[in-house]
Amino acid sequence: AIGVVPPYYYPHDDYEVYAHYKAIAKSVPGTPLFIYDNTETTHVEITPAKANKIIEAIAPSTLAGVKVSFIPYDKLLGYVFQLPKSVGVFPGGIFSLYSGYSVGVRGAIHPPSTPFPEACVRMYEALKAGNHQEAQKQHDLLAALLQVVGRFLRTHGRGVFAELMRMRGLPVERFPRWETAPFTDKDRADVEFAVRHLGAADRQDEEYAERGPDDRQQHADLFQLKFDARQIERNIFGKREVFRVFASTGNLSFTISFEI
């Protein structure tokens, strides 16, 4: 499907919104469309009623889904219950997936959780399997991880995503496209320590065993994918030296801190 934002910048009435989607559908006949509703940035709200009108306007093309951003949970449910079942509803928050899966929420499109896809997938698969205990475990892990992301998002903007991706071994040269406050070595150490400290290092042995030796070494990154991965972090605060030792073996991870 093609993700399409509504017309933006200038104010647009409903006729212009429907015409916008109709014109795009005609230019790519037979290709499903996907509405990206982001009222905060476009200042055009695609309500459930408008989404149903868009479905009529783009016919015979179909609407595959809609992403709805920055809305409260009860408002999200309006899309789930008022749109055809063939239209997937994807909130802009990962936690709305946790709350709404049982009533029809299909997934989530949530940029802040991008650096932690394993936890997102595990939560989704657990919800799908009806394993609520595992789903809650992953939900709580994501909640804690996103507190870390939020802390650096306030001071470094979306540049925190680039740093986290690099920590994961991905060759991210620049993100976002605009300039953001740079990370210092201390910033990097702080965000890495915070993520590790939350237990994001815990990985199932089977996931690791599936990797070849070279791949395992390459991915022994911020999530400590090795069975017996140890790292010592040394920070000097004035005359005080603080050491933190990270270790993980199988499903057990722990942190030891001491001062000299």
Side-chain angles (χ1 to χ4, degrees), residues 1-114 116-117 120-121 123-125 127-128 132 135 138-139 142-143 146 149-150 153-154 157-158 161 176-178:
I2 299 176
V4 184
V5 297
Y8 55 90
Y9 189 75
Y10 289 110
H12 294 279
D13 59 28
D14 290 352
Y15 178 91
E16 293 168 345
V17 172
Y18 304 146
H20 170 74
Y21 282 94
K22 183 176 181 178
I24 293 173
K26 286 181 66 175
S27 69
V28 284
T31 303
L33 299 189
F34 191 103
I35 296 173
Y36 185 177
D37 176 54
N38 194 329
T39 306
E40 186 174 283
T41 55
T42 66
H43 307 293
V44 174
E45 182 181 9
I46 305 297
T47 63
K50 286 184 181 180
N52 280 318
K53 288 288 188 180
I54 290 172
I55 292 173
E56 296 175 7
I58 66 175
S61 294
T62 58
L63 184 65
V66 55
K67 178 195 174 181
V68 282
S69 304
F70 306 112
I71 64 171
Y73 180 71
D74 56 346
K75 196 171 181 180
L76 169 68
L77 294 182
Y79 293 83
V80 175
F81 291 110
Q82 294 176 43
L83 296 182
K85 297 299 182 186
S86 59
V87 178
V89 176
F90 296 79
I94 192 70
F95 303 120
S96 293
L97 168 61
Y98 177 80
S99 304
Y101 181 82
S102 63
V103 294
V105 172
R106 295 276 189 87
I109 303 172
H110 186 226
S113 60
T114 301
F116 316 108
C120 298
V121 171
M123 188 182 79
Y124 174 80
E125 293 293 345
L127 290 168
K128 191 176 178 181
H132 301 296
Q138 300 304 324
H139 169 278
L142 284 166
L146 291 174
V149 173
L153 193 61
R154 288 189 292 273
R158 295 180 180 270
F161 301 132
R177 279 174 278 185
W178 56 89

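Note that the coordinates shown come from a computational prediction; the quantities given were computed from them, not determined experimentally. Residue indices begin at 1 and follow the sequence shown.
- In this structure, M123 CE and F95 CZ are separated by 7.5 Å, a value rounded to the nearest 0.5 Å.
- At least one donor-acceptor pair under 3.5 Å links the side chain of Y73 to the backbone N or O of S99.
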Exercise. Step by step, would you call F34 with I109 a side-chain contact (heavy atoms from CB on, under 4.5 Å)?
Worked result: CA-CA 12 Å; F34 191 103; I109 303 172; 4.0 Å; yes
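- Considering all non-hydrogen atoms of both residues, G65 and V87 come closest at CA-CG1, 3.7 Å.
- Two residues are said to be in side-chain contact when any heavy atoms from C-beta on lie closer than 4.5 Å; Y124 and Q138 fail this criterion.
- Residues L142 and F116 form a side-chain contact, since some pair of their non-hydrogen atoms from C-beta on lies under 4.5 Å apart.
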Exercise. Would K50 and Y18 count as a side-chain contact (heavy atoms from CB on, under 4.5 Å) if you check the C-alpha gap in whole Å, the side-chain angles of each, and the deciding distance to 0.1 Å?
Worked result: CA-CA 8 Å; K50 286 184 181 180; Y18 304 146; 3.6 Å; yes
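- Panel note: side chain T114, backbone P111; a donor-acceptor pair is recorded below 3.5 Å.
- The distance from the CD1 atom of I55 to the CG atom of L83 is 6.0 Å, given to the nearest 0.5 Å.
- Here the CD1 atom belonging to I54 is positioned 9.0 Å from the CG atom belonging to L33, to the nearest 0.5 angstrom.
- Side chain of Y21 to backbone of V4: a donor-acceptor contact under 3.5 angstrom is found.
- Here the closest non-hydrogen pair linking P48 and Q82 is CB-OE1, 3.5 Å.
- Between Y36 and S69 there is a side-chain heavy-atom pair separated by less than 4.5 Å.
- If you take OH on Y101 and OG on S96, they are separated by 15.5 Å, rounding to the nearest 0.5 Å.
- Looking only at distances, a side-chain donor or acceptor of E16 sits under 3.5 Å from a matching main-chain atom of D13.
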For this session: Check the pair N38 / V5 against side-chain contact (heavy atoms from CB on, under 4.5 Å), numbers first and verdict last.
Result: CA-CA 8 Å; N38 194 329; V5 297; over 6 Å; no
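- Within the 4.5 Å cutoff, side-chain heavy atoms of V17 are placed close to those of P7.
- Residues meeting the salt bridge (charged side-chain N to carboxylate O under 4.0 Å, His left out) test with K67, sequence neighbours left out: none.
- Within the model, atoms CG of L97 and OG of S113 stand 9.5 Å from one another, a figure rounded to the nearest 0.5 Å.
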Exercise. Given the rule in the side-chain contact (heavy atoms from CB on, under 4.5 Å) test, do T41 and Y8 qualify, once you have shown the distances and angles that lead to the verdict?
Worked result: CA-CA 8 Å; T41 55; Y8 55 90; over 6 Å; no
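- A distance of 4.5 Å separates CG in L63 from CD1 in I35, rounded to the nearest 0.5 Å.
- Two residues are said to be in side-chain contact when any heavy atoms from C-beta on lie closer than 4.5 Å; V149 and F161 meet this criterion.
- Taking 4.5 Å as the limit, some side-chain heavy atom of C120 sits within range of a side-chain heavy atom of I94.
- With hydrogens and angles disregarded, no donor-acceptor distance shorter than 3.5 Å links the side chain of H110 to the backbone of P91.
- Looking only at side-chain heavy atoms (C-beta outward), P6 and I46 come within less than 4.5 Å of each other.
- When all heavy atoms of G30 and S61 are compared, the closest pair comes out as N-OG, 3.6 Å.
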